[in-house]
Amino acid sequence: MVAIIDYGAGNLMSVKKALDYIGAENEITMDKDKILSASHIILPGVGSFGDAMQSMESRGLVETVKAAARSGKPFLGICLGLQLLFAKSDESKNVDGLALLNGEIVSIPKDMGLKVPHMGWNSVSVKQNSGIFKNIPDESYFYFVHSYYLKNADKKDVAGTAEYGVEIQCAVQQGNLCATQFHPEKSGEIGLKLLENFLALEE
């Protein structure tokens, strides 16, 4: 069973539909016991860093999410769900994130003539050929929608990067703790392949 964490801010239905399509039993839930007993956990996210953390706190889910991410079970953050794994974001400077990984969440520079938010398809340079990127070709295209990005993550954790005026560390993987800045559930066949790789991970 895949638990899709419902904390009041997220692309829940698109993730659910993608999992349904590939035949994965799943449930959107805010129930702590269901989250912690699931075989796989997904933390989706759309919206602002501060609002998401506040929503998670109001539902009493912060420690549950931390426990799930540290459990050794396969855990996947998507888009804002990646950013929330870090301690701080320039988007909401006085808000504490989950602080599960090392790195900085910063704004995409607006002085390079590129549109912000970064929205659309972008190739990804694969840095880890295992885990969620197993058998996914280098420079495959994934779908992005974001105004903030990860930089200065621990090098060993960076699973993929993209170029959009700056280098975006768009995927991380530390054991079974994984996250992508892009939306695999909106990235066609290659995104579904990434989700299938995630489902193939075992504790």
Side-chain angles (χ1 to χ4, degrees), residues 1-20 24-108 116-119 143-151 153 157 169-172 174-186 195 198 203:
M1 167 66 80
V2 182
I4 304 170
I5 299 173
D6 178 8
Y7 58 95
N11 49 319
L12 301 175
M13 289 311 301
S14 56
V15 173
K16 179 170 178 50
K17 286 178 181 177
L19 292 174
D20 289 344
E25 184 182 2
N26 67 88
E27 182 177 350
I28 295 171
T29 182
M30 62 177 71
D31 184 280
K32 298 173 186 178
D33 292 334
K34 287 183 178 180
I35 293 168
L36 293 175
S37 64
S39 62
H40 295 69
I41 302 104
I42 294 180
L43 179 68
V46 169
S48 81
F49 188 95
D51 288 348
M53 285 305 304
Q54 183 179 27
S55 183
M56 209 182 296
E57 288 170 3
S58 70
R59 287 166 168 77
L61 285 173
V62 172
E63 292 308 317
T64 300
V65 173
K66 286 182 178 180
R70 290 170 174 156
S71 69
K73 293 180 179 181
F75 184 103
L76 177 64
I78 296 176
C79 195
L80 181 61
L82 173 145
Q83 297 176 15
L84 295 172
L85 298 179
F86 295 85
K88 296 286 184 182
S89 170
D90 280 356
E91 184 175 21
S92 309
K93 293 187 177 181
N94 296 321
V95 176
D96 292 331
L98 298 171
L100 293 162
L101 295 170
N102 296 320
E104 300 173 50
I105 305 298
V106 299
S107 178
I108 296 173
V116 179
H118 172 210
M119 184 181 300
Y143 189 78
F144 288 77
V145 183
H146 65 119
S147 300
Y148 295 82
Y149 73 101
L150 170 65
K151 72 173 188 177
D157 295 338
Q169 295 175 332
C170 64
V172 291
Q174 186 188 88
N176 279 342
L177 176 57
C178 318
T180 63
Q181 182 61 66
F182 54 80
H183 289 271
E185 78 284 2
K186 297 179 180 178
L195 289 174
F198 170 67
E203 185 176 359

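Counting non-hydrogen atoms of other residues, nucleotides and ligands closer than 6.0 Å to NZ of Lys66 gives a total above 12. Summarising the local packing, CD of Glu104 is surrounded by more than 12 heavy atoms from other residues, nucleotides or ligands at distances under 6.0 Å.
Ring centroids of Phe144 and Phe182 are separated by less than 6.0 Å, placing the two rings close together.
For the pair Ile105/Glu91, no side-chain contact is recorded, criterion being any heavy-atom separation below 4.5 Å from C-beta on. Counting heavy atoms from C-beta on, the side chains of Met119 and Tyr143 come closer than 4.5 Å. By the 4.5 Å heavy-atom criterion applied to side chains, Leu43 and Met56 are counted as neighbours. For the pair Met53 and Asp96, the minimum side-chain heavy-atom distance is 4.5 Å or more.
The distance from atom CG of Leu84 to atom OG of Ser89, rounded to the nearest 0.5 Å, is 8.5 Å. Within the model, atoms CD of Gln83 and CG of Leu98 stand 12.0 Å from one another, a figure rounded to the nearest 0.5 Å. Separating the CD1 atom in Ile42 from the CD1 atom in Ile4 is a distance of 5.5 Å, to the nearest 0.5 Å. Interatomic distance, CZ of Phe198 versus CG of Leu19, reported as 8.5 Å (0.5 Å rounding). To the nearest 0.5 angstrom, Glu63 atom CD is 9.5 Å from Glu57 atom CD. Atoms CD1 and CD1, from Ile35 and Ile5 in turn, are 4.5 Å apart once rounded to the nearest 0.5 Å.
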Quick one: do Lys186 and Val145 satisfy side chain to side chain contact (heavy atoms under 4.5 Å, CB included)? Show the steps, please.
CA-CA 10 Å; Lys186 297 179 180 178; Val145 183; 5.8 Å; no
Under the side chain to side chain contact (heavy atoms under 4.5 Å, CB included) rule, what do Leu76 and Leu195 come out as? Steps first, then yes or no, please.
CA-CA 9 Å; Leu76 177 64; Leu195 289 174; 3.9 Å; yes
Take Met30 and Thr64, measure what side chain to side chain contact (heavy atoms under 4.5 Å, CB included) needs, and give me the verdict at the end.
CA-CA 10 Å; Met30 62 177 71; Thr64 300; over 6 Å; no
Could you walk me through whether Phe75 and Asn176 satisfy the side chain to side chain contact (heavy atoms under 4.5 Å, CB included) test, starting with their C-alpha distance in whole Å, then the side-chain angles of each, then the deciding distance to 0.1 Å, before giving a yes or no?
CA-CA 6 Å; Phe75 184 103; Asn176 279 342; over 6 Å; no
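When atom types are taken as modelled, the side chain of Ser37 and the backbone of Asp33 share a donor-acceptor pair closer than 3.5 angstrom. At least one donor-acceptor pair under 3.5 Å links the side chain of Asn26 to the backbone N or O of Ala24. Here the side chain of Ser39 pairs a donor or acceptor atom with the backbone of Met1 at under 3.5 angstrom. The backbone N or O of Pro44 lies less than 3.5 Å from a partner atom in the side chain of Tyr7, making a donor-acceptor pair. When atom types are taken as modelled, the side chain of Gln169 and the backbone of Ala153 share a donor-acceptor pair closer than 3.5 angstrom. Of the possible polar contacts, none joining the Ser55 side chain to the Ala52 backbone as a donor-acceptor pair under 3.5 Å is found. Looking only at distances, no side-chain donor or acceptor of Lys151 sits under 3.5 Å from a matching main-chain atom of Val106. In terms of modelled atom types and a separation under 3.5 Å, the side chain of Lys17 and the main chain of Glu185 share no donor-acceptor contact. No donor-acceptor pair under 3.5 Å is formed between the side chain of Asp157 and the backbone N or O of Gln174.
In terms of heavy-atom proximity, Lys73 sits nearest to Leu36 at NZ-O, 2.6 Å. The shortest non-hydrogen separation linking Ala3 to Ala38 is CB-CB, 3.6 Å.
Each of Leu150, Leu82, Ile78, Leu80 was scored for a side chain to side chain contact (heavy atoms under 4.5 Å, CB included) with Gln181, with one residue passing: Leu82. Screening Ile108, Val116, Val46 against His146 for a side chain to side chain contact (heavy atoms under 4.5 Å, CB included) leaves a single residue, Ile108.
In terms of the ring-ring contact (aromatic ring centres under 6.0 Å, His included) criterion, His183 has no residue partners (sequence neighbours excluded).
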